[in-house]
Every structure is written in C-alpha cells, then in structure tokens.
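A short write-up of the structure that comes next.
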Amino acid sequence: MELPKVYDPKAVEEKWYQFWLEKRYFHADVDSPKEPFSIVIPPPNVTGSLHMGHALNNTLQDVLVRWRRMQGYNCLWLPGTDHAGIATQNVVERELAKEGLRRQDLGRDEFVKRVWRWKEKYGGVIIHQLKRLGASCDWDRERFTMDEGLSQAVREVFVRLYEEGLIYRGNYIINWCPRCRTALSDLEVEHREEEGHLYYLRYPMEEGGEIVVATTRPETMLGDTAVAVNPADERYKDYVGRWAILPVLGRKIPVIADDYVDPDFGTGALKITPAHDPYDFEIGQRHGLQAVKVIDEEGRMTDEAGPYRGLDRFECRQRITEDFERDGTLVKVEPYRHSVGHCYRCGTVVEPFLSVQWFVRTKPLAKPAIEAVKEGRTRIIPPQWEKVYFEWMESIRDWCISRQIWWGHRIPAWYCKDCGGVTVRRETPESCSHCSSKAIEQDGDVLDTWFSSALWPFSTLGWPSKTKDLEVFYPTSVLVTGFDILFFWVARMMMMGLHFMGDVPFRDVYIHALVRDMEGQKMSKTKGNVIDPLEMIERYGTDALRFTLAVLAAQGRDIRLSEQRIESSRNFCNKLWNAARFSLMNLTDYPGDGVELPEGEPSLPDRWILTELRGAIGEVTRALEEYRFNEAAQALYHFVWHRFCDWYLELIKPFLYQREDPQLRLNTQRTLVYVFDKLLKMLHPFMPFITEEIWQRLPHVGESLVVAPWPEAEDVPADEAASRKMERVMGVITAVRNIRGEMGVSPTRRVNVILRVEDEEVAGELRQNALFIRSLGFVDGLQVVLGGAPPEAAAAAIAQGVEVFVPFKDLVPDPQREEARLLKELRKVLQELEFVQRKLSNRAFLERAPREVVLKERQKAAELEELRGKLEGRLRVVRELTSHDEPPC
RNA sequence: GGGCGGAUAGCUCAGGUGGGAGAGCGUCGGCCUUACAAGCCGAAGGUCACAGGUUCAAGUCCUGUUCCGCCUACCA
C-alpha cells in the first residue's frame, strides 16, 4: 500500500478523532492508580465561535494533556462553556428584535426559556469546533455554568459569603451601561482616551460675585449639590460656608472645603454631583450632601433635570452648552483629552450611577490569594505576571456582582414586603426569616457571570458535594489562559478556591500571549483582519495550524500570525508524510511489527541518528516541562527536517537499495522504524492527526499513539565518537557540494574528489565511509591521500581538517572563479583569526578567564591558523594557473 | 501619573544562569538526483535602537535616552 504523494488532512482527521472517542482515551478514570494530571478549560462563551485566541489556548492545553497522558498520567481535561450573561442575552435580544419584539414583551420566564432554547440549538457550536481542533477533552464531563450542579455551587457560595459578612448590599455609585441597562464591575469598563472638552461654568454667589467651575460633563450640573474647593486655597477662603446659586434650577448649593480638590486644576473649584461621579459621591458622604439623580437607567435626563427632562444625556450636554453660551454662564471651552469609560460588551459610554447593588468584600479574600503565590503554592509562568497579579490584588476594590439582566444565576435573596427584611437562602424560602411573613419576593437581579466562573475549578468537579473527582483532581495541575482575563478570572478563582476548598485551584498558571495580525493589531471582525482558524484548518489541516501556533508561542511575547506561517507548517506535515512514504517503500520486507534497536554493531549513520535522537528527546521533554512550547516545536522541526530527512534518510539509501548484506539492510530498517516511532510520539501532542495516521501504517506496538509511551532519552544509545566521525563525513560532503555550487556546476554532475589528510586514522575512516561521500556528494572516483603534494588544477575546500579537491577538469575550469572563492574564504578566516588572537594576546584574559575558555580559544586559533595556511597555499597554486592562462595580448 | 513589555538578517521572530548570532519566510544561483517542486543543493544578508558603565569578555547584567505597544490610575 503506497501513500499518495501529498498529505491530505481531510482524509484522516475525522477518522482518527472518532477512533479516539470510541476507545475512550480521553476519559479520565477517577479510580485509576496513576498519578493525576488535570486541567479545566477556560470555558468559552456559549455564544462564541472558535477564534485564533481559542485555537492557541486550546492547542497549548492539548499539547500538555496529550504529552502527560503519554507519560502515563491519569489525565483529565475538563471542557465546558460559560453562560456569558450579557453577551448571550444580547444575542437573543437581537434575534427577538428581528421579530419586532423586546424581552419585556415576552416577560422574564418566557425570555429565559427562549435563551435556553437558543443555547440548546447553537450553544454546541464551539464544542464541535474544539473537537475539530483535536482537543482531547473528557467530553463525558462537559459542564455549563448554568447546569444544575454548578448553580447549586453558586447559591452555596453566595449564602456562605453572605453569612460570613463577605457579601453585602448597599447604595453606592457603580458603573452603569445605559444600553445593557445593568451595573458593571470596574473590570468590565474599558477606558479609552478621547478628545473631549473642558467647560468652564459661572455659578453666581448668593451674596453677589461668582465662582467658576470646570467640568467635562456640563449636563451633570443639574445634579450638583455643592461646589468644593481645597481648604488651603487662599483664593476661595472667603467662599467656604457661603452659597452659590445653581444656574437653570436656581438651587442654593454650599461651597465646601475638601482636600480631594486639586487647586491647580481648572479653576480650583470643583462642582459636586454625588449621584453621578464616584468621587463626588465620596465627598458627598463626607459632607452629608444630598444626591440628586438627573440621569436615569436609560441615560435620559430625569424630572430633576427641570427643562431638560427627557433628553438623552449627550443631547442634553449639547443643549445646555448652547443655552449657557447664550446666557453667559459658559465662560469658555477648552479642548481636553481624557479617558472615558465604555461598556466592554457594547461600547456604550458608561454612566457612574447611584444604585442599590450587591458587593463582595474582596480584601479578606485577596490576602490568602496573594500569599499563595508569594509562597509558590501557585506558580505564575512567565513570572513577570506575578507582579501584575500582586499589584491588582493589593489594590483590589469591592466587587459589584449584581446585574440587572435576566439571563444568569438569580440572586438567592428575598425581600419582605411587611418588615423589609432580607432573607438569603440556598433553597427558595416559604417566608421571611425575620417576621415569617409570606409576602416575600426574590431579588430580580442575577449574578455577574464571572461569579460562577470563579468557582469553575471546583464546581465542575462536583462541589459542594464531596466527590471523588474533587479528591483526585483538585487542585488542578495547570491553568492555561491569556493575560486579558488574569483579573477577571484567574485572580477570582484563586480567591474562591482558597476560601472554599482551602487550597489553591491550580499548581501552575501558564499565561500565553495574544494572537495578533502581522501589523501587531488585535484581530477583530470590525477591523476585518481576522484569520479564521476553521478556514485555516480547511485549507491546511488542523496539524499545520496547531504546529504553527505552538512554534510561535514564545513566552512573554504576542504572536503575529500570518497565513504564510501556516503554509510552511503545512509543508512540514508534507515533509513528514513523504518521509513516511519513503520508509514504507523500503519496509515491504520488514519482519513483523516490532520496534527494536539494531542488532550487533550498528552502522555509522544509525549510531549518529540515534545520538541525535537522544539529544532531541531530552530537549523536547525539557522544553515542555518549562512550558517552552516554541522551543519544543522548533527542536522537533529541526530534528525531523534537517537531521532525519536531509541527512539520515539520504545516508541510508545505499543500505536500503542493496540486497547483498541482509543484516545491514535489516538493521537499517530497524533503526529507521525505531527513530520514526520516537519522533512521531514526540510530534503527536503537536500534530495528533498526521502522526497517528503514519504511526498506524508503520510497524508499531500498541493500539494508538494517544496512549503510547513518551520516549525516554536514556533508552536511546548514544555514541558521541561515532557521531563525530559522521559529522566529519558530512562536512566533506557539504564541501564537495559547496565547490560544485560555487563553481556553477549542476549538482547532479558526477565529479572526482581527492581528499588529503595528515592523519592516518582519519584517512582510514574516510576510506571506510567513501560510500556516503560518493552517494551524497555525487562523486565518481574518490581518492584519499595521506599528505604529499596537493593536486594543482583543482578547486579546494577545507572541512574539519580535511582538504577536499575537485579537479578542474570535472568542473568548468575557471581558475579565476576559484581564486575569488578562495579569497572570500580566506578573508573570513583572517577576520576570525584576528579576533581570536586579540583575545589571546590580552594578558587579563589569559589570567582571569576560566581555563577551558582559554583552551577553547587556543584550539580555535590553531585551527584557524591551519586553515589559513592551507587556503594561502591553494591561492598560490591557483594564481600560478591564472597567470599561465592569461591570454597574451 | 505609575507599572510592564518590546527595539536582533529585507519581513516576522527565537536567543533560561555573560564566552559560537540563529530560525521561518523572502532574495540570488543551480537542480524534475527512483520520499517529497508544498521538494533538493549551494549562497548572500546583521556596528543585536542610541549613549555610558560593570567585566578578561555584554545581544545577554546595570544606568540613562529615543521610539513603539500594553496594562493601570480619583485631577474634575
């Protein structure tokens, strides 16, 4: 059965994924005696579809899980999705809008039912896409944040925190999105620098005179209840305690003194709007000021806004500015650049808004979470993110968790209509816990989606029940995520995990980069610069995409992805495929299915490739242990392409194409199979599909690569001495090819070669390995001479002490070209030599540098000297020829 | 305002603990050499942002400067 010339991903991916599922390789057995290795997936939004960020995130997780599984761990990769409150509600509302309906038209119950229906129908999309990516998740354990079990965990956590005084309800300024009509946490506000204006407004004083205030939001003046100045500000000393008259409304407002006010900004007088600015609110509290709401939930002016009632807040700004310009209240307007908060979901300008909300008291929770990282119980990788984590945790503010939407976990609090008391319960109560009245009503709000995500590492494993899953798989081994949700999610999981499980949720946190386009821009649909992972999978195959992402995933740096890069990974797949094709063509008589080392004395190429393999196994394993995905992938790429394919497969062709020495042929086949087997195993976590397809076709032991053992470096015999011999032969081959190339001769044209060495042992070695030089160097006659006069009419090169000559008669006889070539080489050598000699003539270097470094430099100098001598000798010979060749004129 | 990261070949980027400047793509020259033209062979190309310092030795450590990017922040 011969393989097609080109690897076709479509023909294999679906087949093997189904096979793996049928064999239940991804299923984690809680009763397994093996050491556990667990990861919980960062649950994608149920509304989501796979983008490059997901592809990267899940490729890296799958690499880790598949690798650890092969190492013999009991692996659990727990998948699932997030109900994504606002996002999902928005999606369904948009769908309703097409029917001309609002959610209010349906009513809450009907709307929520509709969201569930939407979820059942479309919510599985991203899960399906993860499967196409090859993710080896335990699908039997798939979870959704609104599942019954997880909802129970949410209620349990809420009630416990409430009872511990860590959740409270209060009237504070929060961030409000007038479009989504809900409160947002501080983190859900995106600050953007914008060109705005600074308006200077004149407020008359009750007893004559005036005070001028500066503001970026003149419309909020309608809610002003004071003007504040710095107590140390001499200019306003006499104003404090007196009254200003608010224009338009004519309200009397006091001038107060507060340290918060910066006398150097604006006019040094600050208008105070306690209901629409967080700091004004604080000042208001300090001074017992009234808070007047002039903007409502939808961003429209309230009745308190007098003549401006009903206007949109921005319309009002426009109108009030015009009016003030007319009546002289407006002193001046300056252009002013400042940062404005926007809703992270819909982009609407956020309104600071006074309302009653639920909050988590975070400081007591943050402390253990800080300590856990300080003590190394959780490692953050790369470590520079630790600092970011600490900074945020140490300056953490209380977390507003109530949302005025319908899709999410309903807050388990009931209010009594009779006594006004609050009843917080795990199960729906019959009556008020304070007065036993039956007239109770549940809070209409739901919880921030991140509240349930914060419980993900233990709620998915069955908490609050004491399950075996929890016992075995918590804490999880590693969390793989992007830095954009370090605060949103990672920090909060740390807090909740420590508080409710008494242990960290994960041993390691690996933080990977963001995927950007070639210009370094974040990919976004609106910019139109997205590279769709599914499209790439269609075009180049899943393995090519995965390999690309892994090889680009260097720590601490964003990934700039281009389709070209995926294309070259596709080429790598094809290279591997053709190596398999070649191997299969030469294994038709291979006995059995065994994977064994060669018997007796292996050939030089065998010993060399085994030595290289041993090194590669060590390197790849070490890189994976350190989360250096790019280095592991790079090492594999180099080994497979530039060691195994470029050299080994070429070197063994003469052994495979002959039948005179059956033992040699068999040994070669064994090594070929052995090395191929190991490299497929190492490649499998990165490229699961093509490796399985090839492995299954080659002689192999076992049912599937998924559960095949990870290679161990110690099992592979190394032979450094043989390796060095091989490298010398390879050096000679390269020298011959170089001469041919530089002298402009076709690589397939046969030439004769003379090798001249000083050392008898080396001479014997080269004679022994003449076969390789002949076949890879396209050499006809090969002569190895020990010293003696070098040939004259020949091009020369020096490779590891061996002088390589190709007679001019075999090339295009062009002594001038040869002279130029030699000169170029000599220049390089002289330059290097000068550098080394300068070092060696420095007494400080000889005295202070370690002995082995000095020794190395001396050796280098000697080698270069020798090289120089030989090159200069050649140059003389060639110049002699050129002068003879000079046509008489 | 504070903090973090980056500046290395034409492009995109690797270069844990200081001692050899590297990869992919692109470029140039030559090849359908019975695994692969999505390939093979060969080559060119870099004062490692700038200025100092530490050291026998700096892409790598320290200080400063410039230019990008990101996070974060209560100066309306």
Side-chain angles (χ1 to χ4, degrees), chain A residues 2-3 5-7 191 198-199 213-217 220 228 260-273 277-280 282 336 338-339 384-385 387-388 391-392 395 483-484 486-487 514 516 518 520 522 540 544 548 551-552 554-562 564-565 567-586 622 626 628 630-631 634 637-638 642 645-646 649-650 653 657 734 737-749 775-778 824 832 839 842-850 852-854 856-857 860:
Chain A
E2 196 165 294
L3 261 47
K5 275 186 145 188
V6 171
Y7 170 59
H191 292 275
L198 195 55
Y199 303 83
V213 296
T215 180
T216 53
R217 305 189 55 202
T220 62
Y260 169 78
V261 180
D262 176 2
D264 295 329
F265 188 88
T267 60
L270 173 63
K271 60 187 268 320
I272 304 297
T273 323
D277 182 281
Y279 301 97
D280 289 7
E282 276 177 28
Y336 186 65
H338 63 145
S339 87
Q384 68 247 34
W385 290 108
K387 199 172 171 178
V388 179
E391 235 158 69
W392 188 74
S395 60
F483 61 80
D484 47 335
L486 182 62
F487 307 140
L514 240 52
R516 299 173 179 281
M518 283 307 282
K522 217 165 154 171
Y540 302 104
T548 306
V551 83
L552 292 176
Q555 286 186 4
R557 195 172 218 174
D558 284 347
I559 293 175
R560 292 197 189 193
L561 187 70
S562 71
Q564 240 182 14
R565 206 72 206 226
E567 195 181 328
S568 75
S569 294
R570 187 270 318 261
N571 295 352
F572 179 51
C573 290
N574 205 43
K575 188 72 182 173
L576 188 69
W577 182 254
N578 276 288
R581 197 167 107 92
F582 168 80
S583 302
L584 286 170
M585 288 167 82
N586 289 284
R622 174 203 58 82
E626 295 174 11
R628 295 177 184 273
N630 60 322
E631 287 179 23
Q634 182 66 45
Y637 183 95
H638 182 256
H642 299 302
C645 290
D646 282 355
L649 295 186
E650 295 301 328
K653 276 179 183 173
Y657 293 165
T734 301
R737 287 168 171 175
N738 177 290
I739 290 173
R740 208 197 314 258
E742 300 246 293
M743 298 300 279
V745 172
S746 149
T748 46
R749 172 159 170 191
S775 86
L776 271 68
F778 280 85
K824 188 186 78 183
E832 237 181 295
K839 242 185 198 177
N842 181 352
R843 204 186 312 140
F845 172 73
L846 298 175
E847 281 166 8
R848 303 221 185 164
E852 61 271 22
V853 173
V854 177
K856 217 164 109 188
E857 290 299 314
K860 208 195 293 179

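Here is the naming used below: chain letters follow the sequence lines, and residue numbers restart at 1 for every chain. Worth saying up front: this structure is predicted, and the values here are computed from it rather than measured.
Looking only at distances, no side-chain donor or acceptor of A:Arg570 sits under 3.5 Å from a matching main-chain atom of A:Ala544. The backbone N or O of A:Leu846 lies less than 3.5 Å from no partner atom in the side chain of A:Glu857, so there is not a single donor-acceptor pair. A donor-acceptor distance shorter than 3.5 angstrom exists from the side chain of A:Asn578 to the backbone of A:Asn574, with no hydrogens or angles considered. A donor-acceptor contact shorter than 3.5 Å is absent between the side chain of A:Arg565 and the backbone of A:Arg560.
Within 4.0 Å (heavy atoms only), A:Ser583 reaches no atom of the nucleic acid at all. Base contact: A:Val261 has a heavy atom under 4.0 Å from a base atom. If you check every strand for non-hydrogen atoms under 4.0 Å, A:Glu852 touches nothing. Counting non-hydrogen atoms under 4.0 angstrom, A:Cys573 reaches nothing in the nucleic acid. Note on A:Glu391: only backbone sugar-phosphate atoms sit closer than 4.0 angstrom, heavy atoms only; bases stay farther off. Within 4.0 Å of A:Val551, counting heavy atoms only, lies no atom of the nucleic acid at all. At a threshold of 4.0 angstrom between heavy atoms, the contacts of A:Gly268 include nucleobase atoms, whether or not backbone atoms are also involved.
Scanning both residues, A:Tyr657 and A:Asn586, for their nearest heavy atoms gives CE2-OD1, 3.7 Å. Considering every non-hydrogen atom in both A:Ala214 and A:Thr267, the closest pair reads N-OG1, 4.2 Å.
Rounded to whole Å, the P atom of B:rU47 lies 12 Å from the corresponding atom of B:rC11. Annotation: B:rG16 and B:rU55 have their P atoms spaced 24 Å apart (nearest Å). If you take atom P in B:rA49 and the same atom in B:rC13, they sit 15 Å apart, rounded to whole Å. With both ends at atom C1', the span from B:rA58 to B:rC74 equals 44 Å, rounded to whole Å. Only the C1' atoms considered, B:rG29 is 10 Å distant from B:rA44, to the nearest whole Å. When the C1' atom is used for both B:rU54 and B:rC61, the distance is 8 Å, rounded to whole Å. Look at the C1' atom in both B:rG6 and B:rU65: the space between them is 16 Å, to the nearest Å. Nucleotides B:rU27 and B:rC71 place their C1' atoms 40 Å apart, quoted to the nearest Å.
Rounded to whole angstrom, the span from the CZ atom of A:Arg749 across to the C1' atom of B:rC32 amounts to 20 Å. Separating the CG atom of A:Leu552 from the P atom of B:rU12 is a distance of 13 Å, rounded to the nearest angstrom. A straight line from CG of A:Asn630 to C1' of B:rC13 spans 10 Å, rounded to a whole angstrom. The interatomic distance linking A:Arg570 (CZ) with B:rA37 (C1') rounds to 12 Å, in whole Å. A straight line from OH of A:Tyr7 to P of B:rG39 spans 16 Å, rounded to a whole angstrom. What separates CH2 of A:Trp385 from C1' of B:rU72 is a distance of 12 Å, to the nearest Å. The NZ-P distance, from A:Lys5 to B:rA35, rounds to 10 Å in whole Å. As a whole-Å value, the separation of A:Asn574 CG from B:rC36 C1' is 6 Å.
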Could you go through A:Arg622 and A:Glu631, starting from their C-alpha distance and side-chain angles, then the distance that decides it, and tell me whether this counts as salt bridge (Lys or Arg N to Asp or Glu O under 4.0 Å)? CA-CA 9 Å; A:Arg622 174 203 58 82; A:Glu631 287 179 23; 3.1 Å; yes
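In this structure, A:Tyr279 does not reach the B:rA73 phosphate: none of its side-chain N or O atoms is under 4.0 Å from OP1 or OP2. The phosphate of B:rA43 (OP1 or OP2) has a side-chain N or O of A:Asn738 nearer than 4.0 angstrom. Side-chain nitrogen and oxygen atoms of A:Lys387 include at least one within less than 4.0 Å of the OP1 or OP2 phosphate oxygen of B:rC4. The shortest distance between the side-chain N/O atoms of A:Arg560 and the OP1/OP2 oxygens of B:rC13 is below 4.0 Å. Remark: A:Asn571 is in phosphate contact with B:rG39, judged by side-chain N or O atoms under 4.0 Å from OP1 or OP2. When the side-chain nitrogen and oxygen atoms of A:Lys653 are compared with OP1 and OP2 of B:rU34, none of them lie within a distance under 4.0 Å.
For B:rU27, the paired nucleotide is B:rA43, the pair qualifying as Watson-Crick or G-U wobble because both relevant distances are below 3.5 Å. Of the nucleotides present, none pairs with B:rU17 by Watson-Crick or G-U wobble criteria with both distances under 3.5 Å. Remark: B:rA7 base-pairs with B:rU66. Criterion, Watson-Crick or G-U wobble with two distances under 3.5 Å.
Distances were taken from every side-chain heavy atom of A:Glu631 (C-beta onward) to each of B:rG15, B:rC36, B:rC4; the shortest belongs to B:rG15. Residue A:Phe778 has its side chain nearest to B:rU33 when only B:rU33, B:rG16, B:rC75 are considered. Residue A:Phe483 has its side chain nearest to B:rC70 when only B:rG15, B:rC75, B:rC70 are considered.
For the pair A:Tyr7/A:Leu576, no side-chain contact is recorded, criterion being any heavy-atom separation below 4.5 Å from C-beta on.
Residues A:Asp646 and A:Glu742 both approach RNA chain B. Their nearest nucleotides, taken by heavy-atom distance, put A:Asp646 toward the 5′ side. Nucleotides of RNA chain B nearest to A:Lys824 and A:Pro747 differ in position, and the one nearer the 5' end is that of A:Pro747.
The CG atom of A:Asp280 sits 7.0 Å away from atom OH of A:Tyr260, with the distance rounded to the nearest 0.5 Å.
Note on ring orientation: taking the six-membered ring where Trp is involved, the planes of A:Tyr637 and A:Phe572 are tilted (angle from 30° to 60°).
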Atom pairs, N/O to N/O, protein against nucleotides 19-24 of chain B, distance under 3.5 Å?
| from | atom 1 | to | atom 2 | distance (Å) |
| --- | --- | --- | --- | --- |
| B:rA23 | O2' | A:Gln634 | NE2 | 3.3 |
| B:rG24 | OP1 | A:His642 | NE2 | 3.3 |
| B:rG24 | O2' | A:Ser568 | OG | 3.4 |

